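None of the values given here were measured: they were computed from a predicted structure. Order of the sequence lines sets the chain letters (A, B, ...), proteins ahead of strands, with each chain counted from 1.
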Number of protein chains: 2
Amino acid sequence: MYDLILKNIARFIQLTPDETDRFTSIIKTRTLRKRQYLVQAGDVFRYECFVNKGALRIYHIDNNGQERIVNFAFEGWWTGDMYSFLSGQPALYNVDALEDCELLMIEKNNLEQLYIDIPKFDRFFRILLQNAYIAMQRRISDGMSLSAEQRYIDFLNRYPQFEQRLTLRQIASYLGITPESLSRIRRQRMSKN
Amino acid sequence: MYDLILKNIARFIQLTPDETDRFTSIIKTRTLRKRQYLVQAGDVFRYECFVNKGALRIYHIDNNGQERIVNFAFEGWWTGDMYSFLSGQPALYNVDALEDCELLMIEKNNLEQLYIDIPKFDRFFRILLQNAYIAMQRRISDGMSLSAEQRYIDFLNRYPQFEQRLTLRQIASYLGITPESLSRIRRQRMSKN
DNA sequence: AAAAAACATTAACCTATGGTAAGGGTAGGC
DNA sequence: GCCTACCCTTACCATAGGTTAATGTTTTTT
């Protein structure tokens, strides 16, 4: 049950058996069925979530009523709504399940006590966030510099294993274009090669 | 000299006098003249930098040779090249001074020893990164959802104090549009109001 | 102070992508 | 097993923003 999350943590910090027990004792598990919400924008959401199985999307609804996927979360990734978690204010984003999911969740108060008792977890999440920072900075500069087609090609190269688990609409939304545009890009690429 | 950085740190953690001394002992100061590089893409850069005075930009050169500003850094902000700092690989971005600057710099080895000696600094940078994460997530979704004009208006609302310190080209580059487009947007806004 | 370089503005034109609509395919609910 | 709803594709037109170029202005260099 906890294999994947413990391996994920062991990438950056080493826990003693006691610390491992302490950590797993605050984990709550939750399953989601496909399409089920984990977070709805506007609700307060006080958990950091580790995806043990399945896939989710983080998205918001823009002024034109379009769903815009800000990110995905697959097995081994962390998700939630950082803003709501940190501030206690209503969540900015929706998070829902693209497939049946199994989540490991840590409640805010429990995590804050964990930070106090085992400061190594401050370190773990610091390193996790540094990596997220690098990835997001690249997404920002790619979004400014690259054409829709180039962003699509980069997406395929970066996440070849996920393409088949996502629909065209989901990929288009993540890339910041319409499904029609992505369909056109695919056709043009077919005829080129 | 250290007032601003100590106040910045005191937002999230409390240091004892000894810890404060320990911290300030590893700070190196550096001044940059306007246009001077702090980091050049391709060089290894092993410092986290706090802007005590002045302003910088983080940018990269895209495939068309255009400078794309990924972010600014004003007094009280942290900057550097997170990728190079973490991995020891060549930096992905250029960072240079938009004004004469005074920087407080922490070398990687010193910071890593500081993390070990005073784990509160793990916590400090964790919280700093969480806030950066929220800001970057918003930039990604704004970049996908909003028109160039809306992004410009949001920029003015969010950073009214910085507009006058930046040129039109710099703001346009940050917004991901050409200077010509921003000039057109400004003119249209003038005639509307 | 002069020369050179970079910046801002405007205009005319171009292109990538969005909007809309329609047809056929596929999957999930009853 | 049918129906409904959603998904993908294609086509045609609309438009925001890019490109190029010309002009005047400001800043930097010498």
Side-chain angles (χ1 to χ4, degrees), chain A residues 32-36 55 57 59 61-69 96-100 141-156 163-192, chain B residues 32-37 54-55 57 59 61-69 94 96-100 141-156 162-192:
Chain A
L32 291 179
R33 293 211 297 206
K34 190 173 174 173
R35 311 219 168 164
Q36 193 177 342
R57 59 175 179 167
Y59 68 99
I61 309 293
D62 76 11
N63 298 333
N64 302 320
Q66 302 283 324
E67 289 177 0
R68 298 291 191 171
I69 296 179
D96 69 8
L98 300 175
E99 309 168 356
D100 292 351
S141 51
D142 283 0
M144 293 195 311
S145 303
L146 304 180
S147 68
E149 180 176 9
Q150 286 171 312
R151 296 201 302 278
Y152 176 58
I153 295 167
D154 282 6
F155 173 82
L156 295 181
E163 187 202 359
Q164 55 212 349
R165 292 168 67 180
L166 300 170
T167 66
L168 173 142
R169 302 179 84 80
Q170 289 159 358
I171 296 171
S173 175
Y174 175 83
L175 296 175
I177 59 178
T178 60
E180 291 85 353
S181 290
L182 183 52
S183 190
R184 171 170 46 200
I185 286 166
R186 278 187 173 168
R187 174 163 40 99
Q188 286 165 352
R189 285 168 53 74
M190 297 292 277
S191 62
K192 271 185 205 160
Chain B
L32 291 179
R33 294 211 295 207
K34 189 173 174 173
R35 309 219 169 166
Q36 193 176 344
Y37 278 113
R57 60 176 178 166
Y59 69 99
I61 309 293
D62 75 13
N63 298 332
N64 301 319
Q66 302 284 325
E67 289 178 0
R68 298 292 191 170
I69 295 178
N94 304 282
D96 70 6
L98 300 175
E99 308 168 357
D100 291 351
S141 51
D142 283 0
M144 294 195 308
S145 302
L146 304 180
S147 68
E149 180 176 9
Q150 287 172 311
R151 296 203 302 281
Y152 176 56
I153 294 168
D154 283 6
F155 173 81
L156 295 182
F162 298 141
E163 187 201 359
Q164 56 211 352
R165 292 167 68 179
L166 300 170
T167 65
L168 174 141
R169 301 178 83 80
Q170 289 160 358
I171 296 171
S173 175
Y174 176 83
L175 296 175
I177 59 178
T178 59
E180 291 85 350
S181 290
L182 183 52
S183 192
R184 172 167 44 198
I185 286 166
R186 279 187 174 169
R187 175 163 40 99
Q188 286 165 353
R189 285 169 53 74
M190 297 292 277
S191 62
K192 271 185 206 161

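When rounded to the nearest whole Å, the span between CG of B:Leu182 and P of D:dG18 equals 10 Å. A straight line from CD1 of B:Ile177 to P of C:dT9 spans 12 Å, rounded to a whole angstrom. Distance A:Gln188 CD to C:dT17 P: 9 Å, rounded to the nearest Å. Rounded to whole angstrom, the span from the CD1 atom of B:Ile171 across to the C1' atom of D:dG17 amounts to 18 Å. Nucleotide C:dA21 holds its P atom 17 Å from the CZ atom of A:Arg184, rounded to whole Å. Rounded to whole Å, the distance from CG on A:Leu168 to C1' on D:dC7 is 9 Å. Regarding B:Ile185, its CD1 atom lies at a distance of 13 Å from the P atom of C:dT10, rounded to whole Å. A:Glu67 has its CD atom 12 Å from the C1' atom of D:dC6, to the nearest Å.
Nearest to the side chain of B:Thr167, among D:dG18, C:dC7, D:dC8, sits C:dC7. Checked against C:dA8, C:dT17, D:dG18, the side chain of B:Thr178 finds its nearest nucleotide in D:dG18. Each of D:dC8, D:dT10, C:dT17 was ranked by its minimum atom distance to the side chain of A:Glu180; first place goes to D:dT10.
Among the heavy atoms of the strands, none lies under 4.0 Å from A:Lys34. B:Ser183 comes within contact range of at least one nucleobase, with a heavy-atom separation under 4.0 Å.
Between B:Ser181 and D:dG18 there is a side-chain polar atom (N or O) within less than 4.0 angstrom of OP1 or OP2. For A:Arg187, a side-chain nitrogen or oxygen approaches OP1 or OP2 of D:dT10 to under 4.0 Å. The side chain of A:Ser147 contributes no N or O atom lying less than 4.0 Å from OP1 or OP2 of C:dA16.
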>> Using side-chain hydrogen bond (donor to acceptor under 3.5 Å, both in side chains), reason through B:Arg57 and B:Tyr174 one step at a time and then give a plain yes or no.
In response: CA-CA 9 Å; B:Arg57 60 176 178 166; B:Tyr174 176 83; over 6 Å; no
> Between B:Asp96 and B:Arg35, is a salt bridge (Lys or Arg N to Asp or Glu O under 4.0 Å) present by the stated rule, with each step listed?
Replying inline: CA-CA 6 Å; B:Asp96 70 6; B:Arg35 309 219 169 166; over 6 Å; no
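Annotation: the span from B:Lys34 atom NZ to B:Asp100 atom CG amounts to 8.0 Å, rounded to 0.5 Å.
Applying the salt bridge (Lys or Arg N to Asp or Glu O under 4.0 Å) test to pairs two or more places apart or on separate chains, those with a residue in residues 164-181 of chain B are B:Glu75-B:Arg165, B:Glu99-B:Arg165.
Side chain A:Arg35 to base C:dG28: no donor-acceptor pair is found below 3.5 Å.
B:Ile171 pairs in a side-chain contact (heavy atoms from CB on, under 4.5 Å) with only one of the listed residues (B:Ile177, B:Leu166, B:Leu156), which is B:Leu166.
Where B:Gln66 and A:Leu166 each meet DNA chain D at their nearest nucleotide, the meeting point lying more 5' is that of A:Leu166.
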